[in-house]
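Okay, so here's the structure we're looking at.
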Amino acid sequence: MNFRPLPPTFARKDTIEVALALIGKLLILQAQDFSVRVSRIVETEAYLGEEDPACHTFGGRKTPRTQAMYGTPGTAYVYFIYGMYYCLNVVTGKGEAVLIRALEPLEGFTEEQRRNKVLSGPGKLCRELGITKELNQKNLFDPGAAVFIAAERDGLEEHSHDVIHGERVGISSAGDAAHWPLRFGLKDSAFLSSPRF
DNA sequence: ACCGCGATGCCCT
DNA sequence: GGGCATCGCGGTA
């Protein structure tokens with residue numbers, strides 16, 4: 001598929017802007033056997049660092065796990081949750097990050113996988129794509145890497161598209177922060193995660 | 001359609 | 001030892 005690399009500084013912006021800008025971008029995986037899988041980012045969530053009760057770095061926590069979140073903007077933060085799932089984030093710097101919540105399979109997937117929406121959820125997409133701690137702290141904007149983010153050429157990204165927003169998912173114990181509208185989705189996409197916006 | 005719950009292991013106190 | 005940025009199942013309606 002035809003894609004356009006993004007500047008390495010892509011994620012060096014306000015976290016909410018990055019969460020919005022990532023909608024419509026491509027996540028590309030190149031395997032050792034030269035097979036390629038391409039998907040479109042259709043849903044993200046912003047995590048606003050030390051001031052955000054729902055964020056892993058809330059209160060300035062510097063632990064082994066949160067190390068990646070203080071890395072260079074554009075690095076991957078992959079964490080393990082509920083004993084069986086990984087979740088993938090794009091670090092934006094200073095302890096903030098954007099969670100990738102859902103993808104639309106575009107290339108390198110079967111019709112059945114598309115029908116079954118195997119990438120519609122933060123845990124599901126990592127399971128299906130084989131994303132694990134191995135990817136933690138890797139640069140996500142290097143077109144030579146096994147996993148990277150790029151823009152779609154002559155595709156959705158070249159046209160205007162509407163983004164909807166809603167409350168974040170699964171953080172009910174974070175007080176008011178649970179209601180902050182930091183979840184973003186591609187309007188009318190059939191590949192958004194549960195629960196509905 | 002919605003709701004409740006169990007699985008399962010790491011992280012942090 | 002408690003909690004968790006999830007998911008899919010089984011029950012009730």
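Bear in mind that the values here come from a model prediction, so they are computed numbers and not experimental data. Proteins get letters first, then strands, A, B, ... in listed order; numbering begins at 1 in each.
Of the candidate nucleotides dG9(B), dC7(C), dA5(C), dG9(B) has the atom lying nearest to any side-chain atom of Phe80(A). Distance from the side chain of Met84(A) is smallest for dA7(B) among the nucleotides dC4(C), dA7(B), dG9(B). Distance from the side chain of Arg127(A) is smallest to dC7(C) among dC11(B), dC7(C), dA5(C).
For Arg61(A) and dT13(B), the shortest distance from a side-chain N or O to OP1 or OP2 is below 4.0 Å. For Arg101(A), a side-chain nitrogen or oxygen approaches OP1 or OP2 of dT6(C) to under 4.0 Å. Proximity of Arg196(A) to the phosphate of dC2(B): no side-chain N or O atom is located under 4.0 Å from OP1 or OP2.
Rounded to whole Å, the distance from CD on Glu45(A) to C1' on dA5(C) is 6 Å. With rounding to whole Å, Ile81(A) atom CD1 is found 18 Å from dG6(B) atom P. One atom, OH of Tyr82(A), and another, C1' of dG3(C), lie 8 Å apart when rounded to the nearest Å. When rounded to the nearest whole Å, the span between NZ of Lys117(A) and P of dG8(C) equals 13 Å. Between Tyr86(A) atom OH and dC7(C) atom P there is a gap of 15 Å when expressed in whole angstrom units. Rounding to whole angstrom units, CD1 of residue Ile131(A) and C1' of dT6(C) are separated by 15 Å. Note: NZ (Lys62(A)) to P (dT13(B)) measures 13 Å, nearest angstrom. Protein atom CG of Leu192(A) is 15 Å distant from nucleotide atom P of dT6(C), rounded to whole Å.
Judged by distance alone, the side chain of Asn2(A) and the main-chain N or O of Arg153(A) form no donor-acceptor pair under 3.5 Å. Checking side-chain atoms of Arg37(A) against main-chain N and O of Phe109(A) turns up no donor-acceptor pair under 3.5 Å. Judged by distance alone, the side chain of Gln30(A) and the main-chain N or O of Ala145(A) form a donor-acceptor pair under 3.5 Å.
Judged by atom type and distance alone, Tyr79(A) reaches the base of dA5(C) through a side-chain donor-acceptor pair under 3.5 Å.
In terms of position along DNA chain B, the nucleotide closest to Tyr85(A) lies nearer the 5' end than the nucleotide closest to the other residue of the pair Tyr85(A) and Thr63(A).
Geometric assessment of Lys62(A) against the ring of Tyr70(A) yields a positive cation-pi assignment under the 6.0 Å and 45° thresholds. Relative to the six-membered ring of Tyr47(A), Arg168(A) meets both conditions, a distance below 6.0 Å and an angle of at most 45° to the axis.
Using a 4.0 Å heavy-atom cutoff across all strands shown, Leu99(A) reaches at least one base atom of the nucleic acid. Contacts of Gly83(A) with the nucleic acid, taken as non-hydrogen atoms under 4.0 Å apart, include base atoms. When heavy atoms are screened at a 4.0 angstrom cut-off, Arg168(A) is found touching no nucleic acid atom at all.
By the 30° and 60° cut-offs, the orientation of the rings of Phe80(A) relative to Tyr86(A) is tilted.
With a cut-off of 3.5 Å on both Watson-Crick or G-U wobble distances, the partner of dT8(B) is given as none. Both distances falling under 3.5 Å, in either a Watson-Crick or a G-U wobble arrangement, place dC2(B) opposite dG11(C).
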